[in-house]
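Taking it in order: structure first as structure tokens, then the write-up.
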Amino acid sequence: MAKDKSKKYKWEFVSVGGASRVKISKGEDIAHLDELDPKMWTVLSCPVSGLEIDEKSLKYMDCDGDGKLRINDVVAVAKWITAILKDKDILLKGADSVDIEQINTNDANGAKLYAAAKQILENLGKEGSVISIADTADMTAIFAKTRFNGDGIITEASSDNEQDKAAIVAAVASTGGVADKSGAQGVNADQIEAFYKDLADYVAWNEAAVEAPFGADTDGVIAAYNALDAKVKDYFMRAELAAFSPDSTASLDVQTSRIESISAENLVGKTDEIGAYPLARITGKAELDLSAPINPVWAAQFNAVKAVIEPTVKSITLADWSAIGAKFAAYIAWKGAKAGASVEQFGIDAVKAFIEQDRKAALLELVAQDAALKEKSDNIEMVDRFIHIVRDFYRLLKNFVTLHDFYTKKRDVKAIFQSGVLIVDQRACRFCMKVSDMAKHNASAATSGMYLLYCDCTTKSVPGKLQIVAAITVGDIGNLIVGKNAVYYDNAGVEWDAVITKIVDNPISVAQAFWSPYRRMATAVENLINKSAAEKDAKMMSKATASINAAPTAATATAPDGKPVAPAAPPFDIAKFAGIFAAIGVAVGLVGSMLTSIFENLIKLSWWQVILVFVGILLLISGPAMVLAWMKLRRRNIAPLLNANGWAVNANSKISIPFGETLTDLPKYPKLKLKDPYKKKMPAWKKVVIILGAIVVLFVALWLTNVFSFVNLNSPLKCYNTTEQVATKGVASDTITAPNAE
């Protein structure tokens, strides 16, 4: 993007959020976005998810599909959409429908788009030339009546030939199929190839069948043999070991002690234990007597194998056992080599019929015909992209290039990052954002300069938990604490239960900052009192517990009649109490002296000077906090919060004090005279006495401070009569000098 291009188009600028920003107010502005200097863009990138705008639209605008909208993506979309519209100002309306006659067919993309849009209207059976998002939302309905749709998938409806239809249905059943754009299950070329290969393989395998050695019982005998194989071999190994060491026969046989250990229990639940015993009794003979008792856990399998042994055979050796297994080895190998199992469900006759009909080439030809329409199909999908961009692109620009929607005075317009309203502590916070990464917010939230509430939100209608951050920009701290419950309404009107999980403490207003030093002092005093009270309470309880525990060990005095006598009270220590009273007196004296000194200095001042002193004291305490708050309020910025959510904010995005007042609503009650049913009514005579008393006190205070001197009602305090004393001294001096004149 060359810098000199910025001079080719005359941009208009406007002040938005206290900063100069380019004004996007007509279609031509959008068409020339590629000439706008990137340094003038308010946002450099933003995520395509988690915003209050159709995510499908944002994904259509994300040209490289990386999950972020960047300047290059926005410029590419602007060039594409303005080239295929006759009237570019259509984008400013944000409508969800377009008259296809407004599509510029002189542009190559426009011509394809026009043809595809017209095809959609025909497929849906709609008259007129207006197409909407609702029309393109259901691709299934668009392709429902079409035989071919360009996806390379054919369905039963793709052919009129009955043999083709049957083959397609069978191929879908054997391969699982794949969804066609029409919504029906179909097959693609690879699945057709796999289907006919399975047909051939299954026939070849079936023709190479090996005769079952035991007829219909073969599979059952094989299963029983495989289950018994290890147990039978274990038996013969024990028999051979007993023959080698006759003294060990009892140890190798079933242990009576093991049976006794479980005999008192329900043996049905002990099959694992019993199954671990030898298959039959160990006699030291390397043969298995077929008539001998068999371990009951293995009896069923043994009887299944025994049934295929010649009745004349009374016992078997290990070699005999292996010979039985060898009889069905070939059968097992054939079954293990089964091929084309997916078509076995149709039966061998149907499989052979599909091979004889040989519709493979015909089905692949149908797939080729369908795939040839891919471009046309893609153009139909392009119509959906076109209408989504027509509706949402200008709104994106107002939040990407200028942040216009955030700073607008229209209360019904919200920025795409404003997710809803939080109601808490008698105020409605209109600046709420979803939190996508709490760790990033923890790192950058304080730098925003705003008083922030982080909340976890849950609702029955939506699974999972939603995290939001809300800014408090008006009022006082009030009762805002971690753990406080609130209610959050998202932009869709869904009500969420919210709980404050974190508070970022920054100034809310200058008025709130005025009282903050006193609030902190009150909190410190309260904490000090609570700490002192807790310590004294703990000390008192400790002493009481110690006294109670020591009481039984203390000697109890008794009277001559045997009754217990209470211990004598300790003597009154006058010196101790004298010291205490002296200390209290000194403290009271110091406080009294200080108050006297302050009062004496105050009464020397005029009434207006006293007021100025109090105002000065208040400013001395609250002034620094108010100045700091004013400076922080001027620096409030939403950029750190947006950056924490994956945005790249390129320009100042401050929240001024007047603008901040619009982001939080306080309740406005009507002026009504309401009676408190629990308030006791004061008698009229008491009100009169209080009013008269207040008037008298005020009159005396004004009289003592010499306010009424202008009506010759002078203060009796000497500090207010210095002028009169000086005048008296001057008269005396004149009288003394008179004799000298004579």
Side-chain angles (χ1 to χ4, degrees), residues 100 111-129 131 134-206 339-384:
I100 65 173
K112 295 177 182 179
L113 187 68
Y114 179 85
K118 195 169 184 179
Q119 182 66 50
I120 290 175
L121 293 175
E122 291 177 1
N123 289 353
L124 295 176
K126 292 191 65 175
E127 297 181 356
S129 59
I131 190 167
D135 296 331
T136 61
D138 189 358
M139 286 293 176
T140 300
I142 295 173
F143 293 113
K145 299 179 181 180
T146 59
R147 176 174 294 184
F148 302 119
N149 48 44
D151 60 359
I153 300 169
I154 59 173
T155 67
E156 186 180 1
S158 300
S159 176
D160 295 328
N161 185 287
E162 293 300 324
Q163 291 182 350
D164 289 348
K165 290 177 179 289
I168 292 171
V169 171
V172 170
S174 65
T175 63
V178 63
D180 183 72
K181 285 183 177 179
S182 65
Q185 284 294 104
V187 286
N188 54 31
D190 291 339
Q191 290 171 327
I192 292 171
E193 294 282 3
F195 171 66
Y196 277 94
K197 182 179 184 301
D198 286 348
L199 291 175
D201 290 345
Y202 182 72
V203 169
W205 173 79
N206 192 73
S342 65
V343 299
E344 186 177 19
Q345 58 184 306
F346 309 124
I348 187 61
D349 293 337
V351 170
K352 290 180 177 179
F354 284 130
I355 293 177
E356 290 175 2
Q357 293 168 3
D358 192 14
R359 304 303 299 172
K360 175 182 175 181
L363 298 185
L364 292 176
E365 176 60 26
L366 292 175
V367 170
Q369 292 180 35
D370 187 280
L373 300 176
K374 184 180 185 305
E375 183 178 359
K376 183 178 179 181
S377 175
D378 291 343
N379 291 342
I380 290 178
E381 291 185 352
M382 184 171 61
V383 176
D384 188 55

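Values in this document were obtained by computation on a predicted structure and should not be read as measured data.
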Nearest 0.5 Å please: distance from the OG1 atom of Thr136 over to the CD1 atom of Ile120.
6.5 Å
Mind running side-chain contact (heavy atoms from CB on, under 4.5 Å) on Val351 and Asn206 for me, showing each step along the way?
CA-CA 11 Å; Val351 170; Asn206 192 73; over 6 Å; no
Of Leu199, Val343, Val203, which meets side-chain contact (heavy atoms from CB on, under 4.5 Å) against Phe354?
Leu199
Would you say Leu121 and Ile100 make side-chain contact, with heavy atoms under 4.5 Å?
yes
Which atoms form the tightest heavy-atom contact between Lys165 and Glu156, and what is the distance?
NZ-O, 3.1 Å
Could you report the tightest heavy-atom contact between Phe195 and Ser174, atom names first, then the distance?
CD1-OG, 3.2 Å
Do any pairs count as a side chain to side chain donor-acceptor pair (under 3.5 Å) and have a residue in residues 349-358, sequence neighbours left out, and if so which ones?
none
If you compare all heavy atoms of Ile131 against all heavy atoms of Ala117, which two are closest, and at what distance to 0.1 Å?
CD1-O, 4.0 Å
What closest approach, in Å, do Ser159 and Leu366 show between heavy atoms, and which atom pair accounts for it?
CB-CD1, 3.7 Å
Which pair of non-hydrogen atoms, one from Asp151 and one from Asp180, has the smallest distance, and what is that distance?
OD2-OD1, 2.6 Å
Which pair of heavy atoms, one from Leu363 and one from Ala167, lies closest together, and at what distance?
CD1-CB, 3.9 Å
Can you pull out every side chain to side chain donor-acceptor pair (under 3.5 Å) where at least one residue sits in residues 191-205? Sequence neighbours excluded, please.
Glu193-Lys360, Lys197-Asp201, Asp198-Ser342
Find the distance between CD (Gln119) and CG (Leu124) and round it off to the nearest 0.5 Å.
10.0 Å
Can you tell me how far apart CG (Asn188) and OG1 (Thr175) are? Round to the nearest 0.5 Å.
8.0 Å
